Amino acid sequence: MEMNYDEAELHAIEQELGKEILPGTELMADVGSHHFVKGGSQVLVPQPSADPHDPLNWSPKWKAMCITASTGVTFMQGLGPLALAPMFGYYIEDFSSTLPDVVKFTGVAILVLGFSNFIWVPLSTSFGRRPVYIVSQLICFGSSIWRAKATTYNSFMGACILNGIGAGPAETIQPAVIADIFFLHDRGFWNTLYWVFYMGSLMVGPIIAGAMSLHVGWRNFWWLNTALLGVSILSVIFMFPETKWHRVHPDEYVNQLRTEKVSPTGSTEKVPTGLHDPDKLGGEVAQVPTHGTMPDLSAQATAERDPFLGKGSPSKAQWRFYQPNAHPFKTIALDLWIPWKLFAFPIVEFAAFVTSWSCSSFLTLNLIQSQAFAAPPYLLNSQDIGFMNFAILIGAMIGLGTAGPFSDWVSARATRKNGGIREPEMRLPAMIPYVLIMMLGNFVVAFGCQQKWPWAAIVVIGFTCAGIQVAALPAMVTTYAVDSYKPVAGSLMVAITVNKNVWGYGFSEFINTWIAEKGYVPPIMTNMALITLWCLFGFVFYFYGKTLRRWSKNSSVHRL
């Protein structure tokens, strides 16, 4: 839970509600005498502090600048690794290689990218998001120059490995930034936006690379990539202050309560006397006087509680290169261990498996497009093959426009029916239409490529459906997992990313050979069946997810 209560207070709320409050359960409405800071009629979760520098209090302008720079990093770090697909033919010729050899450029980068987050997420947790973004972008900048200058297979492979190391934050850091600066009721949209821009970069890369490699040579694509990375680095330096902000953990809150005293007004308002550091008070949920003195939470009460809501700005300290940490080695050690521990949690496994195979469905199109459409009867050039990714991009835009708002609407509707209590599982029914779209897309691509249908049918239906489902399904299940285990959101994304990228690397190793031997239907339909299987577990988690959260409610992951 992002609202922290002492044990007696939590029990009192549960008594008033007649419902159990578990980690992940959120109060989206006032309960009896318990009132919360609101934005309009919406209870704000987490509750912001009364500090102008709290990222939750930042003005829309600062939040917009911050999310723009963060999204720019996500997009640019994703642009390079999967841009190679239309250029495979040129690499085969220039490096005297085979198709499976050059496909390894993509596979190895994906594998390294996943495991690099065991470096980036601990550093992000210990020293902040800002230094991770700056350093990782500098590494990507160097790798892009290396790619442009590489003249041998091994040299280009080295650049791919370095690119994989630098591009890791694209898959893990922006969800943490979103949780830093946005409230719970807005995160469905922003998480979907993040996912679409990341997956969109993987789709735009081949479009640009295919056309440039045909007209001006493949090296010029990497020089363009280098220039864009330079612009992104400058945007982080000047537009992205530190968003990491300490919020009170439940254990700290209990200790804090021991130093509190009753307000001289005689109300139930809590006045902390032992903690004066505004950073340490970042997550406090204060109580307003009870019904006797203030029967409802008016706009004035909210303004008194948090006068800086929507008006704050970063402090000078938040523009430092990194944030000091009194116990960096302890924090790093925890972040190295927690992703492995999270694999024991069924909700995390569910999110990881759905994400892995949903993304694999998209990766399949990236890896087979040259194999399918450069051969007879299509005989298309690299530009035409690259342009096919426009269909995936359009599908992703449809996913952006529908999945986030739709899942938020489904969850909000269920919350109203549940008396203002939101459970993470309420988001899961929104997956159903996107699972059906995923199945349709895979059927069309598999049988279309196998039976040599007109390329327009394969691309317009199959590729577009792939874009829709890859924008929707991973965003929904990762949001569900993060809502259930918010304190370890960064480590959770590492666990999901490693799972996804290990499978992606394995799939890239054998799919082209498998297709050459057995055709398009067996590998693509096998992957579709696995996506469907993992998504069907959504019914189990919808009905029993709260039970699983109850089993883990005392886990240390909720106190990190």
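Here the structure is a predicted model, which means the values were calculated and not measured.
Sorted pairs that involve residues 442-482 and meet ring-ring contact (aromatic ring centres under 6.0 Å, His included), not counting sequence neighbours, are lacking altogether. Each salt bridge (Lys or Arg N to Asp or Glu O under 4.0 Å) pair with one or both residues in residues 348-375, not counting sequence neighbours, would appear here, but there are none. Sequence neighbours left out, the pairs with a member in residues 505-536 that pass ring-ring contact (aromatic ring centres under 6.0 Å, His included) are Phe353-Trp534, Trp357-Trp534, Trp503-Phe507, Phe507-Phe510, Phe510-Trp514. Pairs of residues two or more places apart, or lying in two chains, never qualify as salt bridge (Lys or Arg N to Asp or Glu O under 4.0 Å) while including a residue from residues 218-232. Screening residues 108-133 for salt bridge (Lys or Arg N to Asp or Glu O under 4.0 Å), with sequence neighbours left out, gives Arg129-Asp180.
By the ring pair (Phe, Tyr, Trp, His ring centres under 6.0 Å) test, Trp223 is found to be paired with no residue, residues two or more places apart in sequence or in another chain being considered. Residues forming a side-chain hydrogen bond (donor to acceptor under 3.5 Å, both in side chains) with Ser155 (at least two apart in sequence, or on another chain): Trp146. Tyr378 is linked by a ring pair (Phe, Tyr, Trp, His ring centres under 6.0 Å) to Phe373, counting only residues two or more places apart in sequence or in another chain. Residues satisfying the salt bridge (charged side-chain N to carboxylate O under 4.0 Å, His left out) test with Glu171, not counting sequence neighbours, are Lys500. Looking at residues two or more places apart in sequence or on another chain, you find a side-chain contact (heavy atoms from CB on, under 4.5 Å) between Ile139 and Trp120, Val135, Leu162. Legend: residues meeting salt bridge (charged side-chain N to carboxylate O under 4.0 Å, His left out) with Asp408, ordered by chain and number and at least two apart, are Arg427.
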Could you pull out all donor-acceptor pairs under 3.5 Å where a side-chain atom in residues 385-393 meets a protein atom, sequence neighbours excluded?
residue	atom	partner	partner atom	Å
Asn389	OD1	Gln369	NE2	3.4
Asn389	ND2	Gln369	OE1	3.0
Asn389	ND2	Gly386	O	3.0

